There are 2 protein chains.
Amino acid sequence: MPSEKSEQGRSVNQRVTIREVAAKAEVALSSVSRALSGHPDVSDEMRKRVKDVADELGYEPNHVAQSLRSGVTRTIGFVIRDINNPMFALLARSCEQELRRNGYSMILVNSDRNIENENRNFSLLRRRRVDGIIASLVSEDSPYIKKNLAGPRCPIVLLDREVKGINASAVLADHAAGVHQAVTQLIKAGHRQIAFVTGSNNVYPTRNRLQGFTKAFEDANLKVQPDLMAIGGFDADYALSHARILLHRNPAPTAILAGGHGALMGISRALKEKNLTMGKEIAFIALDQLPYLEVFSDNISTVYRDTEAIGREAAILILEGIEGEKPRVSVIETQFIERASSQGSI
Amino acid sequence: MPSEKSEQGRSVNQRVTIREVAAKAEVALSSVSRALSGHPDVSDEMRKRVKDVADELGYEPNHVAQSLRSGVTRTIGFVIRDINNPMFALLARSCEQELRRNGYSMILVNSDRNIENENRNFSLLRRRRVDGIIASLVSEDSPYIKKNLAGPRCPIVLLDREVKGINASAVLADHAAGVHQAVTQLIKAGHRQIAFVTGSNNVYPTRNRLQGFTKAFEDANLKVQPDLMAIGGFDADYALSHARILLHRNPAPTAILAGGHGALMGISRALKEKNLTMGKEIAFIALDQLPYLEVFSDNISTVYRDTEAIGREAAILILEGIEGEKPRVSVIETQFIERASSQGSI
DNA sequence: CTCTTAACTGGAAACGTTTGCTATAGGCAA
DNA sequence: TTGCCTATAGCAAACGTTTCCAGTTAAGAG
C-alpha cells in the first residue's frame with residue numbers, strides 16, 4: 001500500500017485551474033480565458049493583471065479540457081507500419097518537427113506489419129480525437145481499409161500508398177524514375193543478369209519500382225528475366241532465402257537491386273555467406289535512403305529519396321486538410337546516386 | 001474558402017456520443033458508461049443490449065472527455081534529448097511497446113539538444129496532463145531542472161542521468177563495467193596510447209565511463225594520459241576536430257574509444273581522412289549499441305548495452321510510479337564485445 | 001442632457017464522459 | 001405482512017475549459 005499517496009488518488013494531480021486564477025485576480029473565468037488565449041476583446045490592463053496572476057500561480061492550462069470544449073486536440077496521429085525500419089525514424093522526426101512548428105504534437109503508433117494492429121491503431125487515434133492521421137499502411141487492401149479511410153472524420157495522409165475510392169491526401173515517391181536511371185546505368189555498363197529483390201506488389205512502391213525496372217529493359221530493347229525477380233516480402237528473412245536462391249542461379253546475377261531495408265539486410269547476409277563483396281564480384285544498388293548507409297558504407301549506390309522532405313510534406317498536407325482544403329497527392333522525386341558498389345565485375 | 005466544410009466547423013467532427021447510444025438503447029447515460037467500461041453493477045441483459053447498440057452505431061468513446069472526467073490520460077510523455085541519435089529510436093520503440101501492452105500511448109517530443117526546447121517540452125507534456133514522463137535530459141544542471149523535476153505532479157523516469165535532490169526513478173547503464181573490460185583488454189594486448197572521445201562530463205554516462213577507464217589503468221598500475229582524452233561534446237563536429245588532433249599527436253594513439261553516436265561519426269570521418277582503417281592501423285571500440293553497427297560493420301568491437309531492455313525498464317518504472325510506488329533506480333549491465341576492430345597494429 | 005455605440009466584462013451553458021447518491025424492485029427472513 | 005437487504009438503474013453533479021449572450025460603463029454625437 002503506497003503510503004505517500006493522499007487519501008484520494010485524484011488530489012495528487014491537483015493543479016491550479018483557471019478558476020483559482022480568476023479568484024485571485026478578482027475577475028471572471030471568461031476574462032482569464034480570453035486574456036490568456038489572446039482574444040481581442042480584452043483591455044491591456046486586464047490582460048496584464050491576469051497574466052501576472054497566472055505566472056505567479058504557475059498556471060498551466062489543462063489541454064484536455066481545452067480539447068473537449070473546443071473540439072480540437074492539436075494532435076496528429078502517425079501510424080507507422082514497421083518501426084524497425086530506420087527510415088521511419090527519419091520520417092517521423094522531420095514530420096514531428098514541422099508539426100510542432102505549427103503547434104501540433106504527434107502520437108506515434110506502430111503496427112508491426114500487422115493488419116489487426118493497424119486497425120486497432122486507427123481506432124485508438126480516433127478515440128483520442130486526433131485532428132488528423134498520417135499513415136504508412138501495411139497493405140493497400142486490408143479488410144478494414146474502407147472503415148478507416150473511407151468515411152473519415154478527420155483528414156488523412158497516406159505515405160507511399162495508393163488506395164482507390166477514398167479521398168485522402170498522399171505523399172508518393174517517384175521510385176520509377178530513380179530505378180529507371182539505375183537500371184539503365186547497369187545495362188549500359190554491360191549488365192544483363194540483373195536481380196531485383198523487393199516487397200510484395202500489393203503496395204505502390206513495389207509496383208512503381210517494377211515499372212521503372214521494366215521500362216529500362218524495354219528502352220534498351222531487352223527482356224527482363226522473371227526468374228531474377230524476387231517479389232513478395234519486405235522482411236529480411238524473405239530476402240535472405242530468395243537472395244540465396246538467386247546467387248546459386250546459373251548464370252549468376254551480375255547485379256542486384258535491394259528494395260528497402262529488409263531486402264538490404266537479407267541480401268547483405270546472403271552475400272556474406274558466399275563471401276561476395278558488394279561492388280566487387282557483384283554490383284549492388286539499394287533502393288532507399290537508409291540513414292546508416294550514409295554513415296558507414298559511403299560506397300553503396302542508392303536510389304535516393306529525400307526522406308525528410310517526405311515527412312515535411314506529409315505534415316504540410318495534413319495541416320492543409322485541417323484547414324479544410326481538398327486532399328491532394330504530392331510526388332517526391334528520386335534519383336540514382338552512383339557509387340562504388342554498383343560497379344561489379346563487368 | 002473551402003466549400004465542402006459545413007457552416008459550423010465543429011459539425012464536421014461530429015461523432016456518435018454516449019447520449020445517442022443511451023437514447024437508442026432506451027437506458028440512462030450512466031448505464032451505458034458502466035456497461036461499456038466493465039463496471040460490476042450491470043445486469044447481463046443490460047450489458048448486451050448496450051453493447052449491441054454501441055456496435056450498431058459505431059460508438060467510439062471520446063477519450064478526451066474520459067480523461068477530463070477521470071483525471072487520467074493513459075498517456076506517457078517521452079522527452080528525447082536528440083532524436084538524431086538512432087539509439088533513441090530503438091529505445092522509444094521498446095518503451096512504446098511495453099507501454100502499449102499496458103494500455104498506454106506515448107507522446108514523443110524532441111529537445112534537439114537544447115535546454116530551452118527541453119523546458120518547453122516538459123511544459124507541453126504537463127499541460128497535456130500526461131500520467132508520467134520519461135526523459136532523456138540534455139544536461140543534469142539546467143536552470144529549469146528543479147521546476148521540471150522537483151515538484152512533479154506526475155512520476156518521472158530519467159534515462160542515464162543522475163540529478164540530486166529530486167525523487168525520480170532512473171534507469172542507469174553500468175557503463176563503467178564495460179569500459180573497464182574493454183580498456184583492460186586493450187592494455188593486455190599491449191596498448192598504452194589509448195584515446196577517449198566522449199561527451200561532456202556534466203552527465204552521468206561520461207563520468208561513469210571515465211571511472212571505468214581510469215580504474216582499468218590504475219588496476220594495471222598505469223597512468224592515464226590526459227592529453228589523449230577529448231571530453232566535452234557529444235556531437236560529431238566536436239569529435240571530428242578532436243579526433244584530428246589526436247591522430248596527429250606523437251606518439252599517435254594506438255587505440256581509440258568512441259563514446260556514443262556523435263563520437264563515432266566524427267572519428268570515423270577523421271580516420272577516413274588519414275586513410276586509416278579501424279582495427280588495422282588503429283584499434284577502435286564503440287561505447288554504445290548502435291543499431292546500424294549490427295547491420296553493416298559486424299567487425300566493430302563495442303561496449304554493449306541492451307538498449308531495448310532500457311526502454312522496457314523505463315516503461316516498467318513509470319507504470320510503478322503511476323501505481324503509487326516509490327521511485328527507484330534500476331541499473332542495466334554493459335559488456336565488452338570483442339571483434340576485429342579492437343585488434344589494431346600491436 | 002440624452003441617446004447611441006463601442007469596448008469590455010461577467011454569467012452561464014455547453015463539450016462528453018464518470019461516479020456518488022438515490023430510487024425502485026424483488027427476494028428473503030422474521 | 002413487514003422490514004431489510006441486494007442488485008440494478010437513473011439522476012445529476014462534477015471535470016476545466018471556451019464561447020455565446022447579455023450586461024455595464026464611458027465616450028462621443030446630436
Side-chain angles (χ1 to χ4, degrees), chain A residues 7-50 53-54 57-74 126-129 131 153, chain B residues 7-50 53-54 57-74 126-129 131 153:
Chain A
E7 50 292 341
Q8 300 186 33
R10 248 319 187 41
S11 75
V12 166
N13 264 5
Q14 256 174 9
R15 267 114 153 182
V16 33
T17 72
I18 203 174
R19 171 163 272 111
E20 300 169 47
V21 177
K24 180 137 192 180
E26 297 180 301
V27 297
L29 282 184
S30 43
S31 299
V32 177
S33 173
R34 279 187 293 247
L36 296 179
S37 67
H39 194 99
D41 292 359
V42 176
S43 68
D44 292 351
E45 194 220 332
M46 168 71 85
R47 202 177 305 271
K48 172 163 175 18
R49 184 155 150 202
V50 168
V53 174
L57 296 180
Y59 170 65
E60 293 184 316
N62 184 329
H63 183 264
V64 175
Q66 292 179 319
S67 296
L68 178 60
R69 170 59 226 217
S70 65
V72 156
T73 54
R74 296 195 83 77
R126 276 196 307 267
R127 293 161 122 86
R128 291 193 169 241
R129 300 298 191 260
D131 298 334
R153 304 303 188 222
Chain B
E7 50 293 340
Q8 301 187 32
R10 255 303 194 49
S11 75
V12 165
N13 263 6
Q14 255 175 12
R15 268 116 153 177
V16 32
T17 71
I18 202 175
R19 171 164 272 111
E20 300 169 46
V21 177
K24 179 138 192 181
E26 296 180 303
V27 298
L29 282 183
S30 45
S31 300
V32 177
S33 173
R34 279 187 290 250
L36 295 179
S37 67
H39 194 99
D41 292 359
V42 176
S43 68
D44 292 351
E45 193 220 332
M46 169 70 87
R47 203 179 301 273
K48 173 165 176 12
R49 183 155 149 202
V50 168
V53 174
L57 295 181
Y59 170 65
E60 293 185 315
N62 185 328
H63 183 264
V64 176
Q66 292 179 320
S67 295
L68 178 61
R69 170 60 227 217
S70 66
V72 157
T73 55
R74 295 195 85 77
R126 276 197 308 267
R127 291 161 123 87
R128 290 191 170 244
R129 300 298 192 259
D131 298 335
R153 303 305 188 217

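Reckoned from all heavy atoms, side chains included, excluding hydrogens, waters and symmetry mates. Just so it is clear: chains get the letters A, B, ... in the order the sequence lines come, proteins before strands, and each one is counted from 1. Everything numeric in this text was worked out from a predicted model, so none of it was measured.
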A:Ser33 vs D:dT17: side-chain N/O to OP1/OP2 distance below 4.0 Å: no
For [X] and [Y], work out which heavy atoms get closest and say how close.
X        : Y        : result
B:Arg74  : B:Asp131 : N-OD2, 2.6 Å
B:Gly58  : B:Val16  : O-CG1, 3.8 Å
A:Arg129 : A:Thr73  : O-OG1, 2.9 Å
B:His39  : B:Val42  : O-CG2, 3.6 Å

Backbone of A:Ala25 reached by a side-chain donor or acceptor of A:Arg49 within 3.5 Å: yes
Interatomic distance, [X] [atom1] vs [N] [atom2] [rounded to whole Å]:
X       : N      : atom1 : atom2 : value
A:His39 : C:dG10 : NE2   : P     : 14 Å
A:Leu68 : D:dT19 : CG    : P     : 12 Å
A:Glu20 : D:dT17 : CD    : C1'   : 14 Å

Overall bend - the helix from C:dC1-D:dG30 to C:dA30-D:dT1, comparing terminal axes fitted on five pairs, nearest 10 degrees: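 For the helix from C:dC1-D:dG30 to C:dA30-D:dT1, the axes at either end differ by 60°.
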Between the protein and nucleotides 8-10 of chain D, list the N/O to N/O atom pairs that are separated by less than 3.5 angstrom.
residue: D:dA9; atom: OP1; partner: B:Ser43; partner atom: OG; Å: 2.9
residue: D:dA9; atom: OP2; partner: B:Ser43; partner atom: N; Å: 3.2
residue: D:dG10; atom: OP2; partner: B:Ala28; partner atom: N; Å: 3.0
residue: D:dG10; atom: OP2; partner: B:Ser31; partner atom: OG; Å: 2.9
residue: D:dG10; atom: N7; partner: B:Ser30; partner atom: OG; Å: 3.4
residue: D:dG10; atom: N7; partner: B:Arg34; partner atom: NH2; Å: 2.8
residue: D:dG10; atom: O6; partner: B:Arg34; partner atom: NH1; Å: 3.3
residue: D:dG10; atom: O6; partner: B:Arg34; partner atom: NH2; Å: 3.3

Donor-acceptor pair present, B:Arg69 side chain and C:dT17 base, under 3.5 Å: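 Under the 3.5 Å cut-off, the side chain and the base do not form any donor-acceptor pair.
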Heavy-atom side-chain proximity of A:Arg34 to A:Met46 below 4.5 angstrom: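 Contact flag for A:Arg34/A:Met46 side chains = no.
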